[in-house]
Each structure stands twice: as structure tokens, then as C-alpha cells.
There are 2 protein chains.
Amino acid sequence: MTKSSTKVTALDVAKRAGVSQPTVSRVFSRGSMVRKSVREKVEAAARDLGYMPNTLARSLITGKSRTIGVVVAYLNNPFYPEALEKLSASLNAKNYHISIFFAANLDDEVDPVIEKLLAQQVDGMILASVSISNKLSQRLNEVGIPFVLFNRGQLGDNIASVTAANYSGGRKAAEFLVAAGHSRIAHISGWQKSLNGQQRQAGFTDYLNQQGMEAFACIDGEFSREKAAQVTRDLFAGDKKPDAIFVGNDHMAFAVLETLKTELRLNVPNDVSLIGYDDVQMASWKTFDLTTLRQPANRMVEATTSMLLNMIEDPATLRQKIEIESELIVRGSARIPDNWPKSEK
Amino acid sequence: MTKSSTKVTALDVAKRAGVSQPTVSRVFSRGSMVRKSVREKVEAAARDLGYMPNTLARSLITGKSRTIGVVVAYLNNPFYPEALEKLSASLNAKNYHISIFFAANLDDEVDPVIEKLLAQQVDGMILASVSISNKLSQRLNEVGIPFVLFNRGQLGDNIASVTAANYSGGRKAAEFLVAAGHSRIAHISGWQKSLNGQQRQAGFTDYLNQQGMEAFACIDGEFSREKAAQVTRDLFAGDKKPDAIFVGNDHMAFAVLETLKTELRLNVPNDVSLIGYDDVQMASWKTFDLTTLRQPANRMVEATTSMLLNMIEDPATLRQKIEIESELIVRGSARIPDNWPKSEK
DNA sequence: CTGAAAGCGCTTACAG
DNA sequence: CTGAAAGCGCTTACAG
């Protein structure tokens with residue numbers, strides 16, 4: 001292999017192979033027909049020079065960067081690293097790559113990031129757990145850059161999203177806890193300014209109400225460990241104490257469990273049953289052994305990338321709000337109702 | 001704001017503002033002098049049209065993409081999500097953005113990713129916990145794309161890296177455990193094919209040897225939870241059992257702690273003292289309360305990005321191997337020697 | 001199948 | 001300070 005200390009272009013390869021520059025281009029852009037002998041000559045020359053097409057130039061001319069902008073709220077919650085890896089794998093398999101940004105869930109952090117992504121000419125965007133301002137979503141529609149919200153629903157006609165079936169997940173949590181005989185069931189909810197948090201809570205309380213019951217309490221944990229721990233303390237500060245807690249996600253549930261065991265010296269599940277939401281990998285650690293509703297990251301990712309790529313290929317593609325059913329994963333942190341059907345671990 | 005369903009270019013703005021296209025360019029590329037009245041006219045026109053310079057075209061011509069390729073081995077170990085967020089923040093602050101890829105630590109996964117990054121015309125690369133083949137590192141040097149290894153050293157003259165001072169960290173772990181009176185100290189090491197793993201072990205055993213002691217055992221945990229748990233079981237299977245364990249990173253240490261408590265029913269630190277390495281956020285959770293050596297992610301990230309950007313600006317920049325001292329963070333998982341100086345939590 | 005020509009949307013000397 | 005011109009490294013009709 002010949003050393004090349006400076007950038008080698010298609011023209012260099014063309015000269016070395018004795019062909020025109022467009023022919024080199026044809027060899028490297030799939031679908032073009034080049035005579036086999038010519039192709040081999042070009043490939044040999046390219047190999048010798050260490051040539052590789054400049055994707056910047058290619059993107060400029062094709063109008064497709066094959067880049068997907070991914071915006072993630074925070075990686076604190078272990079659901080996101082897991083999802084991010086899977087998103088990357090799925091997109092790479094489809095020959096796209098990721099430009100990533102982190103942004104807290106505030107318009108004034110998210111909007112500038114989206115502008116940057118726009119300047120980078122991304123072909124589409126995935127917004128994980130961040131919401132988008134109306135202004136921006138309109139803007140994206142105008143310039144024709146499709147986007148899908150991942151794990152965060154948002155009202156609005158033209159907004160595609162992929163989430164768990166949060167309402168029905170909330171119901172399932174309540175159903176399980178009621179079936180186990182609990183009567184003082186508290187809910188430390190997901191952030192009530194997010195649809196995820198609202199819907200999980202709505203499903204939970206609706207089921208309870210339909211059984212003629214009321215929630216012991218519903219308090220916003222704001223998807224924060226600290227807040228969830230504080231709410232837990234408050235919940236047990238009075239005379240009347242809950243006998244079960246449904247927590248809006250696993251990330252908070254770990255903090256609740258810790259507070260219950262380490263601070264309040266309670267036994268889980270004997271004193272209190274605990275249910276989370278997500279089924280992140282840590283939930284299955286023996287340390288936590290958390291009963292939870294699984295958000296199937298694989299399927300959510302697959303739904304997200306395929307919808308997004310469809311939107312990119314065909315702008316007329318419907319902006320769906322896809323909900324993926326959550327399965328209850330029964331582990332040791334919550335009392336198991338008699339006759340409850342066995343589930344895998 | 002005028003709606004624009006199609007892409008708006010500098011030329012459109014120029015026409016609307018009644019100036020030439022290069023003048024528009026000058027307004028948007030910093031440093032160029034434009035009369036104030038003209039600048040304002042152009043900015044107004046740009047705002048009306050929703051114009052934003054196409055960074056692809058800009059990069060093509062300047063030869064700088066302001067993109068840093070980041071390759072991460074896996075996000076399993078919570079150190080990486082934490083570091084990744086910080087890397088992103090640091091790079092964004094310097095007006096760079098990230099193109100991210102995940103690759104297992106194998107040449108045949110890493111090399112193709114680096115090729116892709118090369119085609120994308122990244123200005124530099126950060127390789128987090130992946131090693132690079134000699135072929136590729138030579139190649140990168142030839143094409144003049146600087147890179148720095150993050151949290152993974154590698155021998156070789158022209159290879160820049162930022163790591164913890166792993167050897168001295170290993171020594172500190174041994175020193176602390178010896179001072180606490182332990183005499184049967186085992187080491188579940190980091191992956192012995194990584195310099196991190198080797199050096200932490202070397203520091204540990206060297207200190208012991210200098211005290212006239214020997215390690216109870218040194219077994220490779222391979223940075224894997226499963227492997228670490230299995231090694232823990234093996235360690236306690238015989239008649240002679242360790243009274244302390246130094247684990248090659250926190251990620252494994254959590255699995256060791258779990259096995260110790262949940263499976264082997266041992267009390268930590270009364271039966272066994274445990275020390276990890278990294279000080280990821282979880283280490284401070286009461287659930288784990290892990291004594292550990294802190295890898296200061298902030299400082300490592302800062303060292304990484306500033307060295308990389310220096311290399312980008314001035315190719316003559318020395319390829320340093322920067323080591324950042326690890327501080328021992330004393331928590332509850334290991335017996336505390338008498339008279340040990342108090343440290344912050 | 002292949003070459004000559006045009007052009008993607010910018011930046012950057014070069015004149016004025 | 002500003003415009004006309006050239007050019008970054010490709011792809012894509014258009015002829016042949």
C-alpha cells in the first residue's frame with residue numbers, strides 16, 4: 001500500500017487507473033454499471049492509494065447525508081444507554097450513522113440543538129425523551145426533515161412517536177397489586193409534565209377506581225432519584241402507610257427500594273410491594289430483583305428506525321403514534337397473587 | 001416568518017437582501033468584515049427565509065468538518081454513559097459535534113468503524129476503551145487524523161491516551177487494605193488484555209510484594225459481571241477464603257458485592273472488604289456504598305478533548321500519554337484502617 | 001459502458 | 001468593505 005500523507009481524491013484514482021473521474025465515481029456508487037475489467041482496475045488503484053469517497057461531497061450533491069440526528073435527554077436512566085446502543089446498531093445496519101446531542105428537556109436547550117442538526121443536513125431525527133416545541137416541529141415539517149419521538153409521546157397531529165402502551169401498563173401494575181391483596185397502593189409517578197408519566201398514572205388510577213378503590217397517594221417523582229427517595233420518606237412519615245408502591249420507572253424504583261430497605265428498614269415485599277416500569281437490565285440483578293413492566297427496547301427501536309426511514313424515503317408516510325404493549329415481569333420485589341400465571345424471569 | 005418548503009441557500013438570501021452571495025457567506029462566517037447596515041439587511045433576509053448555512057458545503061471547502069468521531073466499546077459499564085455525556089458537553093462547548101459508533105473491542109469490529117469515520121471526514125477521533133490495530137493507527141497518522149484513546153492505554157510511540165494512573169491506583173487499593181489489617185487479599189482483575197487491567201493488577205501486587213505479602217489470588221474478571229460473579233464463587237469455594245477483594249472496576253464490583261451478600265450470605269465489610277475502581281455514580285448509592293478509586297471523568301474528559309483539539313490545530317502536538325491520579329474514596333464496603341485520614345464522601 | 005460538462009452550496013483569494 | 005471568479009470532491013444527466 002502506497003503511503004499517502006495528503007488527501008486522495010477520485011481524480012487521483014482516475015489518473016492512476018487511466019480512466020475518467022466519473023468512472024471512478026461509478027465504481028463507488030452502487031447500481032452503476034461499469035465493465036468488470038475497468039472496475040477491477042479502478043478498485044486496484046483505489047486500494048493502492050487508500051482512496052475512499054468523501055461523503056461530504058457525496059451528500060452535498062445527493063442531498064442525503066445518511067445521518068440521523070439523535071437527541072437524548074440524559075443517560076442517567078439506564079434505559080437510555082441500552083436504547084442508544086440498539087438505535088445505533090439498527091441504524092448502522094441500514095447504512096445510516098448517528099450525530100448525537102444531549103439536551104435537558106427544556107425548549108431552550110432542545111431547540112438550538114435541533115437547529116444545529118438541521119444545519120448538519122441530517123436526513124431525520126430521533127428525539128429520545130425530549131419534547132419538541134410547536135415552533136420547531138412546524139419548522140421541521142416545513143423543511144421536510146422527518147422526526148420521531150422515542151419513549152415520549154406528544155399530542156399533535158403530525159407528530160410520530162414510539163412509546164410503550166403506558167396507559168395499559170399502568171393498569172397492569174394496579175391489577176397485579178390488587179390481585180395480591182394490597183389495599184393501600186401508592187404511586188410515585190413519572191414526571192407529570194410528560195405523557196409517559198401522565199398515562200401510566202391514568203391507567204393505574206382508572207383500574208383502581210373501577211375496582212371501587214382509591215390510590216393511597218399519587219405523588220410526582222419527576223423521574224428523579226432524589227425526588228423519589230424524598231417522596232418515599234414522606235409516604236411513610238404519617239400514621240397510615242402504604243402496603244405497595246407502583247413507581248413510574250425503574251430508575252426511580254431503585255432509589256425507592258434503597259430508601260425502603262436502608263433508611264426505613266422495611267422488608268420488600270413483606271412490608272411493602274414494589275413495582276417499577278421499564279425492565280432495564282439492572283432490574284434483574286439480584287440486588288434489586290424488581291418486578292416491573294417491560295418496555296421492549298428492541299421492538300421500540302425497530303419500530304422507531306423503520307418508521308423514520310419510511311418517512312425519509314416517502315414523505316407521505318403517515319406520522320403514527322406507535323404503542324408497544326408492556327409485559328409484566330414478575331420478580332421478587334412484589335408479593336405474587338395466588339394462582340398468578342407463571343412468567344419467565 | 002415566510003414558510004419555506006424547499007431548501008433555502010445563501011443565494012436566495014443574497015437576492016432578497018440585494019447583495020452578492022459571497023457577502024451572505026461573509027455574514028455567516030465569523031471574522032469577516034461586513035458593513036453593519038449590510039450585515040443587518042442580510043440577517044433580516046436570512047431570518048425571513050429561515051436560512052442557515054449548509055455545513056456540508058462549508059466543510060467540503062474548509063476541509064474541516066468540526067466533527068469528532070467517538071467510538072465506544074459498550075455502554076454496559078456505567079462509567080461510559082457518564083463519560084460520553086461529559087465528552088459531548090465538552091466538545092459542544094468548543095463548537096464540535098459527535099458522530100458516534102459502538103464497537104466491541106475486536107480489531108475486526110473497530111477497524112471498519114474507523115474507516116467509516118474517515119470517509120465522514122471527521123477532524124479527529126476519540127476511542128473510548130477500544131484498542132486500535134497497528135495498521136489503523138498508522139493509517140490515521142498517514143492521513144493526518146489525530147486520535148486519542150480514552151480510558152485505555154496502548155503501547156506505541158505515536159499513540160495519545162488519557163487514563164487514570166492505574167498502577168498507582170492499584171497500589172493505593174493494596175495499601176488501604178493492608179493498613180486495615182487484611183492478610184488474604186484477592187484481586188478480581190480488569191481484563192488482562194487491556195493495559196488498564198494489567199496496570200491496576202501490577203500496582204496492587206507490587207505493593208503487596210514490597211510488604212512481604214502475596215495476593216491471595218489474582219483472577220481475570222474480564223470486565224464482565226458474569227465472570228466476576230463466577231470468580232467470586234470460586235474464591236470462596238475452598239477451605240481458605242479471602243478476607244478482602246480488590247476488583248478491577250466498579251461495574252464488576254457490583255456483581256461481586258451481590259454475589260457475596262445474596263448468594264454467599266457474607267457480610268460486607270465484616271466478613272470481606274471490597275474495593276472497586278472508577279467511582280461511577282452508582283458506587284455512592286447506599287445500596288452499594290462502595291469504597292473505590294475515583295477516575296475523575298471530568299478531568300479525563302477535559303484532558304482528552306483539549307489534547308485532541310490541540311492535535312487538530314497543530315499536527316506537531318506531542319502525542320502524550322496522560323495519566324490522572326485516582327483518589328481513594330472511602331465508603332462502607334471496606335474496613336477502614338485506624339487513624340486513616342478522613343476523606344469526603 | 002464511458003467521457004465531457006454542469007452543478008451541489010458554500011469559502012476564499014483577487015480585484016476594485 | 002464588496003463583487004466576480006474559481007474551486008472543494010463528488011454525482012448525474014447527456015452524448016456517444
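Just so we're clear, the structure is a prediction, and the values are computed from it rather than from any experiment. Each chain gets a letter, A, B and so on, in the order the sequences are listed, and its residues count up from 1.
- With sequence neighbours excluded, the residues that form a side-chain hydrogen bond (donor to acceptor under 3.5 Å, both in side chains) with A/Glu302 are A/Lys94.
- Residue B/Val24 is classed as having no contact, given no heavy-atom separation below 4.0 Å to the nucleic acid.
- When only modelled atom types and interatomic distance are considered, B/Ser99 and B/Gln120 share a side-chain donor-acceptor pair under 3.5 Å.
- For B/Ser25, taking side-chain heavy atoms from C-beta onward, the closest of the listed nucleotides D/dT11, D/dG9, C/dT12 is C/dT12.
- Atom-to-atom, NZ of B/Lys15 to C1' of C/dG9 comes out at 13 Å; the value is rounded to the nearest Å.
- Taking CD1 of B/Ile68 as the start and CD1 of B/Ile312 as the end, the distance is 4.0 Å to the nearest 0.5 Å.
- Side-chain proximity of A/Val19 to D/dG9, C/dG7, C/dG3: nearest is C/dG3.
- When the side-chain nitrogen and oxygen atoms of B/Thr23 are compared with OP1 and OP2 of D/dG3, one or more of them lie within a distance under 4.0 Å.
- Rounded to the nearest 0.5 angstrom, A/Ile145 CD1 and A/Leu136 CG are separated by 12.0 Å.
- Considering only side-chain atoms of B/Arg35, the nucleotide from D/dC1, C/dC10, D/dG9 that sits closest is D/dC1.
- Across D/dG9, D/dT2, D/dG7, the shortest atom-to-atom separation from the side chain of A/Ala57 is found for D/dG9.
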Output one line per pair: protein atom, nucleotide atom from nucleotides 13-16 of chain D, and distance, for all N/O pairs under 3.5 Å.
from   : atom 1 : to      : atom 2 : distance (Å)
D/dA13 : N6     : A/Arg26 : NH2    : 2.8

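- For B/Gln21 and C/dC8, the CD to P distance is 11 Å, given to the nearest whole Å.
- Using modelled atom types, no side-chain atom of A/Ser129 and backbone atom of A/Arg152 make a donor-acceptor pair closer than 3.5 Å.
- Checking each of B/Asn196, B/Asn77, B/Thr163 against B/Asn151 for a side-chain hydrogen bond (donor to acceptor under 3.5 Å, both in side chains) leaves exactly one that passes, namely B/Asn196.
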Could you walk me through whether B/Asp111 and B/Ser133 pass the side-chain hydrogen bond (donor to acceptor under 3.5 Å, both in side chains) test, one step at a time? CA-CA 7 Å; B/Asp111 286 14; B/Ser133 70; 3.0 Å; yes
The dot-bracket string of DNA chain C, counting Watson-Crick and G-U wobble pairs with both distances under 3.5 Å, using [ ] for crossing pairs and | for pairs to another strand, is |||.||||||||.|||
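- Using a cutoff of 4.0 Å between basic side-chain nitrogens and carboxylate oxygens, B/Asp48 and B/Arg16 are scored as salt-bridged.
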